[in-house]
Novice: 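The structure under discussion is supplied below as structure tokens; questions concerning it will follow.
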Amino acid sequence: MSSKEQTSMFKKWKDPSNRSKLYINGEWIEAKGKNTLSVHNPATGEKIAEIASAGKEDVEYAIRSAREAFDNGVWRTTSAHERSRLLIEVAKKIEQNLEELAELEMINNGKTVREAQGDIEDAAKTFRFYAGLAIKSSEEILEVDNPFTSKVVREPIGVCGQIIPWNYPLLMASWKLAPALAAGNVCILKPSEVTPLTAIRLFELLDDVGFPPGVVNLIIGNGVNAGQPLTESYDVDKIAFTGGTATGKKIVETSVGNLKKVSLELGGKSPNIIFADCDYETALDYATFAIFNNAGQVCSAGSRLLVEKDIYDQFVQDLIEATKKIKVGNGKDPSSQMGPLVSEQHMNKVLNYISIGKEEGATIGCGGNRILKDGNHNGYFVEPTIFVDVDPNSTIAREEIFGPVLCVIPFETEREALRLANDTPYGLAAGIFTSNSEKADRMVKGLRAGVVWVNTYEQNLIEGPWGGYKESGIGRELGTYGFNEYTEVKQVIHSLHVEPSGWFS
Ligand code: NAP
């Protein structure tokens with residue numbers, strides 16, 4: 001994108017007369033209450049947009065529009081090939097607008113250019129993957145006794161409320177919209193109020209592609225005003241939520257009225273386990289990547305690093321050296337390797353956890369402070385931080401910090417590593433580094449987590465299931481598993497002999 005084009009893009013976001021609206025029933029509309037919310041660049045603290053903010057009335061209008069679109073069959077009866085074609089068009093539009101979307105993600109979320117571009121590429125891939133699944137028949141014929149046949153079909157659930165967080169704004173929107181639309185559902189997306197910009201741009205692209213009115217709807221606003229009415233509505237058939245575990249529990253409560261389907265992708269405190277027989281350089285590299293990628297704002301971050309005693313001292317020393325070299329800065333600088341935290345509020349939450357760690361007597365290996373130099377005065381930058389010799393029962397070892405803060409814990413035996421790894425209410429992900437495949441296999445079987453990486457970390461594959469054990473969630477996203485979460489199962493039993501049953505005669 002030329003710098004002239006960039007300037008006009010930012011003018012558009014800043015100009016209140018052009019300010020972005022809600023997308024409901026195929027139209028961009030003002031919020032009924034004329035309320036707005038401000039959006040900031042976390043690298044500078046600067047306000048970058050003023051966005052329409054939905055209230056209950058707007059959410060109700062979105063639900064009515066979606067309900068009508070589902071009930072009149074405008075999307076669910078569209079042929080699978082046509083649904084697939086439109087999803088491929090979305091993927092193409094995302095690819096054609098990659099630079100602009102990455103730029104928006106960077107200025108709104110604080111990601112580095114590399115992180116932002118990777119997310120946008122993955123978002124396009126997600127639409128392509130589900131375009132393929134849309135046309136894959138999932139019909140199943142069962143072997144049953146004569147004179148009956150039994151056919152099992154999957155059908156769309158209906159109106160889906162999709163509520164997403166701020167750490168991967170466009171990618172999370174794609175993980176929600178693509179499988180739901182592929183399966184024939186209609187959607188109401190609610191992004192985080194902190195990071196709505198790429199969702200707005202995505203809906204401009206969806207509008208260009210031309211979905212029937214009411215099939216895709218965007219409401220922006222805070223959790224209580226825009227999210228909760230979706231969860232409470234009897235006209236919403238499913239809530240797909242990604243966010244914190246506390247919010248997820250609340251959503252289960254507020255969704256219970258009509259027993260709508262609820263799938264939850266929640267928080268984590270994932271163990272990354274380094275055995276002495278690992279490939280040392282690989283394990284060291286992934287230990288930093290697992291926690292400092294995306295400034296630690298990753299649900300599956302390897303935030304508890306368990307290191308075998310035999311290599312503990314050397315590994316920790318090398319880890320600290322490597323961490324001190326990470327270049328923290330504004331994502332727009334191509335040399336930045338880690339950006340800021342997403343907001344001032346979130347930065348303060350992370351800094352508070354660092355203070356708690358210190359108060360509880362944990363030893364700081366490196367970092368531990370806000371960065372207020374090199375032109376970063378107004379941004380929300382925090383040093384990559386390592387606590388060493390951490391007590392597994394301390395607050396920082398048990399609670400999700402969701403920032404660049406690593407807790408390193410030593411262990412002596414495989415059994416102890418497994419016990420420490422599973423000693424958490426969460427169960428999203430885990431990593432194991434070892435050159436012993438039998439040991440890896442034993443650990444994989446013992447770990448209570450939805451995703452286990454062996455000799456790698458944070459490889460997310462669209463083709464496979466993503467989700468958590470225990471308090472990390474309910475259900476799975478991605479792959480065929482994610483598609484199935486957006487379907488109801490119907491069995492059709494057909495008699496080939498049309499005759500009375502004779503039961504009462
Ligand atoms: P959050 O505070 O739980 O918010 C997530 C979304 O829920 C936001 O859109 C929020 O709106 C909305 N919300 C808040 N209260 C609500 C309510 N009562 N009813 C309906 N919606 C409500 O989480 P976050 O701070 O944005 O994201 C960080 C969390 O997400 C972490 O715990 C992380 O582990 C988790 N996460 C999990 C996965 C996964 O795949 N398992 C992936 C990414 C992130 P507003 O923020 O606009 O008010």
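Both ligands and their constituent atoms are indexed starting at 1 by order of listing.
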Novice: Within ligand 1, which atoms have a heavy atom of Ser192 less than 4.0 Å away?
Specialist: 9 (O), 46 (O), 47 (O)
Novice: Counting heavy atoms only, which part of Glu400 comes closer than 4.0 Å to ligand 1: side chain, backbone, both or neither?
Specialist: side chain
Novice: Can you tell which part of Phe402 has a heavy atom less than 4.0 Å from ligand 1: side chain, backbone, both or neither?
Specialist: side chain
Novice: Among all protein heavy atoms, pick the one closest to atom 39 (C) of ligand 1 and tell me residue, atom and distance.
Specialist: Cys299 SG, 3.3 Å
Novice: Would you say the side-chain atoms of Asn41 and Glu46 include a donor-acceptor pair closer than 3.5 Å?
Specialist: no
Novice: Using the six-membered ring wherever Trp is involved, compare the ring planes of Tyr457 and Trp453 and label them parallel, tilted or perpendicular (cut-offs 30° and 60°).
Specialist: tilted
Novice: Do we see a donor-acceptor contact under 3.5 Å between the side chains of Lys176 and Thr242?
Specialist: yes
Novice: What protein heavy atom sits nearest atom 35 (C) of ligand 1, and how far away is it?
Specialist: Gly243 O, 3.2 Å
Novice: Among all protein heavy atoms, pick out the one at the shortest distance from atom 17 (C) of ligand 1; state its residue, atom name and that distance to 0.1 Å.
Specialist: Gly223 O, 3.8 Å
Novice: Return the set of residues passing ring-ring contact (aromatic ring centres under 6.0 Å, His included) with Phe129 (not counting sequence neighbours), or none when no residue passes.
Specialist: none
Novice: What part of Val298, side chain from CB on, backbone N/CA/C/O, both or neither, has a heavy atom under 4.0 Å from ligand 1?
Specialist: neither
Novice: Considering only non-hydrogen protein atoms, determine which one is nearest to atom 7 (O) of ligand 1 and report residue, atom name and distance to 0.1 Å.
Specialist: Phe241 CE1, 3.1 Å
Novice: Side-chain donor-acceptor pair under 3.5 Å between Glu458 and Ser300, yes or no?
Specialist: yes
Novice: Do Lys56 and Glu60 pass the salt bridge (Lys or Arg N to Asp or Glu O under 4.0 Å) test, and can you show the C-alpha distance, the side-chain angles, and the key distance before you say yes or no?
Specialist: CA-CA 6 Å; Lys56 199 164 184 228; Glu60 283 168 356; 3.8 Å; yes
Novice: May I ask you to identify the nearest protein heavy atom to atom 10 (C) of ligand 1, giving residue, atom name and distance to one decimal place in Å?
Specialist: Lys190 NZ, 4.0 Å
Novice: Between Glu399 and Tyr353, do the side chains contain an N or O donor and an N or O acceptor separated by less than 3.5 Å?
Specialist: yes
Novice: Where does Leu428 meet ligand 1, judged by heavy-atom distances below 4.0 Å: at the side chain, the backbone, both, or neither?
Specialist: side chain
Novice: Would you sort out whether Tyr130 and Leu177 count as a side chain to side chain contact (heavy atoms under 4.5 Å, CB included), showing the intermediate values?
Specialist: CA-CA 10 Å; Tyr130 284 106; Leu177 292 167; over 6 Å; no
Novice: N/O of Gly244 under 3.5 Å from N/O of ligand 1, yes or no?
Specialist: yes
Novice: Identify, for atom 12 (C) of ligand 1, the protein heavy atom at the shortest distance, and state residue, atom and that distance.
Specialist: Ile163 CG2, 3.6 Å
Novice: Check if Gly221 has a non-hydrogen atom at a distance under 4.0 Å from any atom of ligand 1.
Specialist: yes
Novice: Can you tell me which residue and heavy atom of the protein come closest to atom 40 (O) of ligand 1, and the distance to 0.1 Å?
Specialist: Trp466 NE1, 2.9 Å
Novice: Give, for atom CG of Asp58 and atom CG of Leu218, the distance between the pair rounded to the nearest 0.5 Å.
Specialist: 11.5 Å
Novice: Looking only at protein heavy atoms, which one is nearest to atom 47 (O) of ligand 1, and how far off is it?
Specialist: Glu193 N, 2.7 Å
Novice: Taking heavy atoms and a distance under 4.0 Å, where does Ile164 meet ligand 1: side chain, backbone, both or neither?
Specialist: backbone
